[in-house]
2 protein chains.
Amino acid sequence: MLRTNLPLLNFIEEYSQQHSGVETRTYTAGQTFIQQGSEITTVQFLVSGITKCYILEENGKDYIFEFLGKGEVVGDIEAIRQEKCLCNITAITEVQTLVIHRSLFNSLLQNYPAFNAMIMQELATRISQTCTRSAYQQLYPVEYALLRVLTLENEQQIFLSKKDLAAYLGITLRSFNRTVKQLRQEKILDAEELQLGISRQALLKILNQFDE
Amino acid sequence: MLRTNLPLLNFIEEYSQQHSGVETRTYTAGQTFIQQGSEITTVQFLVSGITKCYILEENGKDYIFEFLGKGEVVGDIEAIRQEKCLCNITAITEVQTLVIHRSLFNSLLQNYPAFNAMIMQELATRISQTCTRSAYQQLYPVEYALLRVLTLENEQQIFLSKKDLAAYLGITLRSFNRTVKQLRQEKILDAEELQLGISRQALLKILNQFDE
DNA sequence: TCCGTAAAAGGACAATTGTCCCAATTCTTT
DNA sequence: AAAGAATTGGGACAATTGTCCTTTTACGGA
């Protein structure tokens, strides 16, 4: 849910100590620093903070693909495919990044096998996770996906707005609230059955945060 | 919708003429030649035919990620991440493939920059397309996605079962039929508004195939 | 040729989800 | 401190989608 990639961050940090061409940037919470459809010529690596990566359609609805954390890259796909941005990236907390030019990114890919392998790994992981997640969301009732997301949020100790969680699940805020309420009251589904790796007790605790 | 990758196929075919380690296989229509969750040690390139790539959950429902055609790879993600299969691959028509061992795939990645770049490109494209598609399906009413899919099917001159189309759209067969009927009868949405790059006339024609 | 199976189409009803509200609470910011 | 703007929670109703079931047609094998 909140993806990270520490090895990648290590690589870039080390590289930046020995070479030029790497810049530091800081964004404040709420700032959208990459806009879908716009031209982009840089690749950025998240050093700290949390961002959301999402598509916003003309009808005002948005769909969040991922929450990105430490070590994750943005702009890589666009650099490889030489195309315009496909997603928006907005800082949820304050965010610090390391920025390199697209051309440097591509030359790193060619000249540093270790870097190449890490990016290859990163892309493969993204595909794998995206597949698993979208299948899960399509094929199971919302309750299941919702419980999973809340569990993950809890595990990783991050705090996201309800609105963002709903957008991540591909449902409306209203549906989100409704489902949480239902789960809190009625029968909680079997934690085992859900394969969440969490006890029924812990689940209840998470849900009751909403009661306060 | 039906993805292909001719450059990649060219590369592998040329390689196979000069080296050993590449085998040919044929699968009959309907055959599932890669099973989710199973161990796999090969990577395959589609030479001819059409396959579907999907996840099947225990509740019997399935979700199709992509239809794969000429030049597409399967098993690559698994080779890169060294993990079990995440999807099922089933031949829709008769299918021919070129098979290489996982270790050969990885050594090609390391020793042939051109191959490396092609795979990098392929992964980036998959991510890009997956993002666009899943956002589209989440954020617009089914009619829109359905029309788009039918248009694509028509353009590419492929023929898929209604069941597969529904699984691709993440809806039930019943919903699929219902929506087609509605569109056929009532107002067809503006073709321009949909940005399908197809005229209203042509759309009607496609929908009326169902009437016959 | 006949049978069994799969694909296609749709009726009827139940369940889910979205839309449009409104109210309470918590922030920012001036 | 007060005003305005988000965030959260939920009622009421409409629209959409799923489930279950039946019918018709098409197709391949015995």
Side-chain angles (χ1 to χ4, degrees), chain A residues 28-32 52 57 59-64 90-94 137-147 149-150 153 158-187 189 206-212, chain B residues 28-32 52 57 59-64 90-94 137-147 149-150 153 158-187 189 206-212:
Chain A
T28 59
Q31 210 176 337
T32 298
K52 58 177 173 177
E57 298 283 358
N59 58 14
K61 300 186 179 182
D62 56 348
Y63 179 64
I64 297 180
T90 299
I92 292 182
T93 62
E94 185 179 281
Q137 291 186 1
Q138 290 283 352
L139 303 175
Y140 287 105
V142 202
E143 292 98 323
Y144 289 60
L146 194 149
L147 280 177
V149 165
L150 289 180
E153 194 195 11
I158 46 178
F159 298 95
L160 306 164
S161 73
K162 302 283 139 73
K163 205 178 149 199
D164 281 349
L165 284 177
Y168 181 71
L169 290 169
I171 60 179
T172 59
L173 186 52
R174 185 70 192 87
S175 290
F176 181 92
N177 281 326
R178 187 157 31 206
T179 308
V180 169
K181 197 185 172 191
Q182 273 180 349
L183 287 173
R184 212 166 43 206
Q185 299 176 339
E186 301 167 31
K187 68 309 150 114
L189 318 147
I206 294 172
L207 286 167
N208 282 327
Q209 288 172 1
F210 294 89
D211 253 350
E212 194 243 349
Chain B
T28 60
Q31 210 176 336
T32 298
K52 59 177 174 178
E57 299 283 359
N59 58 14
K61 300 186 178 179
D62 55 349
Y63 180 63
I64 297 180
T90 299
I92 291 182
T93 63
E94 184 179 281
Q137 291 187 1
Q138 290 282 351
L139 303 176
Y140 287 105
V142 203
E143 291 97 322
Y144 290 61
L146 193 149
L147 279 177
V149 164
L150 288 180
E153 194 195 12
I158 47 179
F159 299 95
L160 304 165
S161 71
K162 302 283 141 72
K163 205 178 150 200
D164 281 349
L165 285 177
Y168 181 72
L169 290 168
I171 58 179
T172 59
L173 185 53
R174 185 69 193 89
S175 291
F176 181 92
N177 282 325
R178 188 156 32 206
T179 308
V180 169
K181 197 185 173 190
Q182 272 181 347
L183 287 172
R184 211 166 43 205
Q185 298 178 341
E186 300 167 31
K187 69 312 151 113
L189 317 149
I206 293 172
L207 286 167
N208 282 327
Q209 289 172 0
F210 294 90
D211 254 350
E212 192 240 353

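On a predicted model such as this, the values are computed, not experimentally measured, just so you know. Below, each value reflects all heavy atoms present in this structure, side chains not excepted, and no hydrogens, waters or symmetry copies. Protein chains get the first letters and strands the later ones, always in sequence-line order, with residue 1 at the start of each.
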Problem - S175(A): side-chain hydrogen bond (donor to acceptor under 3.5 Å, both in side chains) partners, not counting sequence neighbours - result: T172(A)
Exercise for the section: Evaluate the side-chain proximity of L165(A) to L150(A): yes if any heavy-atom separation is below 4.5 Å, no if none is. Expected result: yes
Handout entry: End-to-end axis angle, where each axis spans five pairs of the helix from dT1(C)-dA30(D) to dT30(C)-dA1(D), to 10°
Key = 50°
Fill in the blank from the handout: d(T179(A) OG1, R184(A) CZ) to nearest 0.5 Å is 11.5 Å
Problem - Rounded distance [0.5 Å steps], CG in D62(B) versus CG in D164(B) - result: 7.5 Å
Practice task
Measure the distance from CG on L165(A) to P on dT7(D) and round it to the nearest whole Å.
Solution key: 12 Å
Exercise for the section: Measure the distance from NZ on K181(B) to C1' on dA8(C) and round it to the nearest whole Å. Expected result: 13 Å
Problem - Minimum-distance pair of heavy atoms, taken over all atoms of L183(B) and L146(B) - result: CD1-CD2, 4.2 Å
Practice task
Mind listing the closest non-hydrogen atom pair of A166(B) and F176(B) along with its distance?
Solution key: CB-CB, 4.1 Å
Problem - d(CG, D164(A); C1', dA6(D)) in whole Å - result: 13 Å
Problem - Length of the line joining L173(B):CG and dG10(C):P, which is rounded to integer Å - result: 11 Å
Exercise for the section: Sequence neighbours left out, what passes side-chain hydrogen bond (donor to acceptor under 3.5 Å, both in side chains) with E57(B)? Give chain and number order. Expected result: Y140(A)
Handout entry: Shortest non-hydrogen separation from L160(B) to E153(B) and the atoms involved
Key = N-OE2, 3.0 Å
Handout entry: d(CG, L160(A); C1', dT8(D)) in whole Å
Key = 15 Å
Handout entry: Set of side-chain contact (heavy atoms from CB on, under 4.5 Å) partners for T28(A), sequence neighbours left out
Key = Q31(A)
Handout entry: Interatomic distance, Q137(A) atom CD to L169(A) atom CG [nearest 0.5 angstrom]
Key = 5.5 Å
Handout entry: Spatial distance of atom CZ (R174(B)) from atom NZ (K162(B)) [nearest 0.5 Å]
Key = 13.5 Å
Handout entry: d(CD, Q182(A); P, dA15(C)) in whole Å
Key = 12 Å
Tabulated below should be each protein N or O lying under 3.5 Å from an N or O of nucleotides 22-30 of chain D; please produce it.
none

Problem - Spacing of I92(B) atom CD1 relative to dA7(C) atom P, expressed in whole Å - result: 12 Å
Completion exercise
In 5'-to-3' order, the base (B), backbone-only (S) or no-contact (-) status of each nucleotide in nucleotides 17-30 of chain C, using a 4.0 angstrom heavy-atom cut-off, is BBBB----------
Fill in the blank from the handout: Rounded to whole Å, the OH-C1' distance (Y140(B) to dT16(D)) equals 19 Å
Practice task
Name the closest nucleotide to the K163(A) side chain, picking from dG11(D), dT7(D), dG10(C).
Solution key: dT7(D)
